[in-house]
Amino acid sequence: MNLTITDVRLTPILVADPPLLNTQGVHQPYTPRLIVEVETADGITGVGETYGDTKYLELARPFASRLIGRQVGDLNGLFTVADQVAVDSSRVSGQVDVGGLRGVQTADKLRLSVVSGFEVACLDALGKALGLPVHALLGGKVRDAVEYSAYLFYKWGSHPEGVTAEKDDWGTAVDPAGIVAQARLFTERYGFTSFKLKGGVFPPDEEIAAVRALAEAFPGHPLRLDPNGAWSVATSLKVAQELGDVLEYLEDPALGTAAMAEVSAGTDVPLATNMCVTTFAEIKEAFGRDAVQVVLSDHHYWGGLRNTQQLAAICRTFGVGVSMHSNTHLGISLAAMTHVAATVPDLHHACDSHYPWQSEDVLTERLTFSGGKVTVPDAPGLGVELDREKLRFLHQRWLDDDGSLRERDDAAAMRVAEPGWVTPGVPRW
């Protein structure tokens, strides 16, 4: 068995995205993703997926060239290779991550997001070579299915007139009735039993009303609200008081560890985050100040599946809950999320996933939700197969683009509909 890496292929693509609203604007009609393929001397190919914006591509290309000749099982070595690749500081310095809404960007965060796609591809190839599923390479699954939550969004019925976009059948959701109707569709189609609403879009009282409407329509079901740090401490505490009897947790109501710590001190509602704890260096302050009670991991942020396991172990040590964050992703990432989530012992909250929103994929067969859960694949590797025709189609869309969609920019997309739109300052309310 020869596990030497002989080829690495990077394919940037554009995938259809509905007009989902958040505090910074609206999703563009197409979102960039990067598909990573790692091939061994024996002809075994593993696949991974991560962000596809230019700053990730610029780092992924020299990274990929340095992997040729290395062993596919040398996962620790991926981080050494990443450290050898220079990052253009102008791409990240002082900027806020728009696509993931995870706070200020840094060179290290950028490297970790690139490493994650390669680590998953290497694990997929290694699992195929050994005849083992990825979860076995991670120590073995502790559950046969992973629960996911319906990810609700305020949403326009379509992208602005004149914008090239794919149509969807989700309809409009800009008020409590629309959010409840959307939740019912999620339940009918996928069987979800918990619900998360992306907030920070409308004044807090309107979003409180939407969560109240969900609580009435789905009594006893776990509910979450995530305004992506759009509120002040005072507003966060008001919302927590208003919804404390129905919320499973409140996610990133205020921006940053200091503000979250103030909110935490003033409420018994658990606070979750994917914004102020996204690297190991940020854990000490957040946990020491009791700023968060649930960390929403994301293997793209943390540098892969094994780092996600390390994060879960640290959370367990400090009595902090753990679940899983999601950004726009395809089936490769959902499979990776499911494999690692299956190995985390104390996963007491359903994971997030954008996957139901994505009408396109690069797999021969879409992953499915049953009763709100995804069955953990037991086939070798990730248990998914790349559809090369679909990959070529989505890559051609990327090639045909004039460059305006190759960067995730929700504010730019909003300006198409509202030319005077300026990304709101924080706190917005």
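Asp169 and Arg189 are joined by a salt bridge, as a carboxylate oxygen and a charged side-chain nitrogen come within less than 4.0 angstrom of each other. One finds a salt bridge joining Glu389 and Arg392 here, because a Lys/Arg side-chain nitrogen approaches an Asp/Glu carboxylate oxygen to under 4.0 Å. A salt bridge links Glu282 to Lys109: at least one charged side-chain nitrogen sits closer than 4.0 Å to a carboxylate oxygen. We find that Asp144 and Lys373 are not joined by a salt bridge, their nearest charged nitrogen and carboxylate oxygen being 4.0 Å or further apart. For Asp124 and Lys128, the salt-bridge test passes: some basic side-chain N is under 4.0 Å from an acidic carboxylate O.
The shortest heavy-atom contact between Val376 and Val146 is CG2-CG2, 4.1 Å. The heavy-atom pair separating Leu34 from Ala60 by the smallest distance is CD2-CB, 3.8 Å. Across Ala341 and Met324, no two heavy atoms sit closer than the pair CB-CE, 3.8 Å. The minimum heavy-atom distance linking Leu382 with Ala335 is given by the pair O-CB, 4.2 Å. The minimum heavy-atom distance between Ser326 and Tyr151, with the atom names listed, is O-CE1, 3.9 Å. Closest approach of Ala173 and Phe153 over heavy atoms only: CB-O, 3.9 Å.
Using a 3.5 Å distance cut-off with no hydrogens or angles, the side chains of Asn228 and Asn22 do not pair a donor with an acceptor. Under 3.5 Å, the side chains of His300 and Thr50 contain no donor-acceptor pair of N or O atoms. Judged by distance alone, the side chains of Tyr148 and Thr338 do bring a donor and an acceptor atom under 3.5 Å apart.
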Could you give me the CA-CA distance, side-chain angles and deciding distance for Ser236 and Met260, then say whether side-chain contact (heavy atoms from CB on, under 4.5 Å) is met?
-> CA-CA 9 Å; Ser236 300; Met260 289 283 282; over 6 Å; no
Evaluate the side-chain contact (heavy atoms from CB on, under 4.5 Å) criterion for residues Trp398 and Thr11: first the C-alpha distance (whole Å), next the side-chain angles of each, then the deciding distance (0.1 Å), finally the verdict.
-> CA-CA 9 Å; Trp398 184 89; Thr11 309; over 6 Å; no
Apply side-chain contact (heavy atoms from CB on, under 4.5 Å) to the pair Glu242 and Val239, showing each step before the final yes or no.
-> CA-CA 5 Å; Glu242 291 278 343; Val239 174; 5.6 Å; no
Could you give me the CA-CA distance, side-chain angles and deciding distance for Lys198 and Leu21, then say whether side-chain contact (heavy atoms from CB on, under 4.5 Å) is met?
-> CA-CA 8 Å; Lys198 177 65 75 179; Leu21 298 163; over 6 Å; no
Intermediate values then yes/no, salt bridge (charged side-chain N to carboxylate O under 4.0 Å, His left out), Arg366 and Asp387 | CA-CA 11 Å; Arg366 285 182 66 91; Asp387 186 318; over 6 Å; no
Output, in order, the C-alpha distance, side-chain angles, deciding distance and verdict of salt bridge (charged side-chain N to carboxylate O under 4.0 Å, His left out) for Arg33 and Glu49.
-> CA-CA 7 Å; Arg33 298 294 285 178; Glu49 173 192 345; 3.0 Å; yes
Should Gln309 and Thr343 be marked as a side chain to side chain donor-acceptor pair (under 3.5 Å) after you check the CA-CA gap, both sets of side-chain angles, and the distance that decides it?
-> CA-CA 8 Å; Gln309 288 184 307; Thr343 70; 2.9 Å; yes
Check the pair His221, Thr193 against side chain to side chain donor-acceptor pair (under 3.5 Å), reporting the backbone distance first and the verdict last.
-> CA-CA 6 Å; His221 290 245; Thr193 58; 5.1 Å; no
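Under the 4.5 Å side-chain criterion, counting only non-hydrogen atoms from C-beta, Asp108 is not in contact with Thr279. Side-chain contact check for Lys155 versus Pro18: some heavy-atom pair is nearer than 4.5 Å. Contact check for His299 versus Met337: side-chain heavy atoms found under the 4.5 Å cut-off. For the pair Leu296 and Tyr249, the minimum side-chain heavy-atom distance is below 4.5 Å. Phe79 places a side-chain heavy atom less than 4.5 Å from the side chain of Asn307. Residues Leu334 and Val384 fail the side-chain proximity criterion, which asks for heavy atoms closer than 4.5 Å. In this structure the side chain of Leu67 reaches within 4.5 angstrom of the side chain of Leu78, judged on heavy atoms. Counting only heavy atoms from C-beta outward, the side chains of Arg406 and Pro12 never approach each other to under 4.5 Å.
Remark: the backbone N or O of Ile208 is not paired with any side-chain donor or acceptor of Asp205 at under 3.5 angstrom. Between the Ser333 side chain and the Leu330 main chain, no donor and acceptor come within less than 3.5 Å of each other. In terms of modelled atom types and a separation under 3.5 Å, the side chain of Glu119 and the main chain of Gly48 share no donor-acceptor contact. A donor-acceptor pair under 3.5 Å is formed between the side chain of Asp402 and the backbone N or O of Ser404. Side-chain atoms of Thr375 do not come within 3.5 Å of backbone N or O of Ala145 as any donor-acceptor pair. With hydrogens and angles disregarded, a donor-acceptor distance shorter than 3.5 Å links the side chain of Thr235 to the backbone of Trp429. A side-chain donor-acceptor contact under 3.5 Å links Asp252 to the backbone of Asn274. In this structure, Thr31 contributes its side chain and Val15 its backbone to no donor-acceptor pair below 3.5 Å. In terms of modelled atom types and a separation under 3.5 Å, the side chain of Glu360 and the main chain of Ala16 share a donor-acceptor contact. Side-chain atoms of Glu207 come within 3.5 Å of backbone atoms of Gly200 as a donor-acceptor pair (strictly under, hydrogens ignored).
Counting heavy-atom neighbours within 6.0 Å of Gln241 CD, excluding the residue itself, gives a total of 12 or less. More than 12 heavy-atom neighbours from other residues, nucleotides or ligands sit within 6.0 angstrom of CD on Glu166.
Taken to the nearest 0.5 Å, the CG atom of Leu223 stands 12.0 Å off from the CG atom of Leu250. Here Arg306 contributes atom CZ and Leu75 contributes atom CG; the two are 4.5 Å apart, rounded to the nearest 0.5 Å. The structure places CG of Asp290 at 12.0 Å from CZ of Phe318, a figure rounded to the nearest 0.5 Å. Between the CG atom in Leu391 and the CD atom in Glu37 there is a gap of 6.5 Å [rounded to 0.5 Å]. Here the CD atom belonging to Gln358 is positioned 10.5 Å from the CG atom belonging to Asp168, to the nearest 0.5 angstrom. With values rounded to the nearest 0.5 angstrom, Asp352 atom CG is found 9.5 Å from Asp298 atom CG.
Separation of the Phe195 and Phe218 ring centroids falls under the 6.0 Å cut-off. You'll find the ring centres of His159 and Tyr30 outside the 6.0 Å limit.
At least one test fails for Arg111 against the ring of Phe63: distance under 6.0 Å to the centre or angle within 45° of the axis.
Relative ring orientation between Trp357 and Phe186 is described as perpendicular, the plane-to-plane angle rising above 60° on a 0-90° scale split at 30° and 60°. Using the six-membered ring where Trp is involved, Tyr301 and His325 have ring planes that are tilted, between 30° and 60° apart.
When each of Asp400, Ile35, Val362, Ile13 is paired with His395, the side-chain contact (heavy atoms from CB on, under 4.5 Å) condition holds for Ile13 and for no other.
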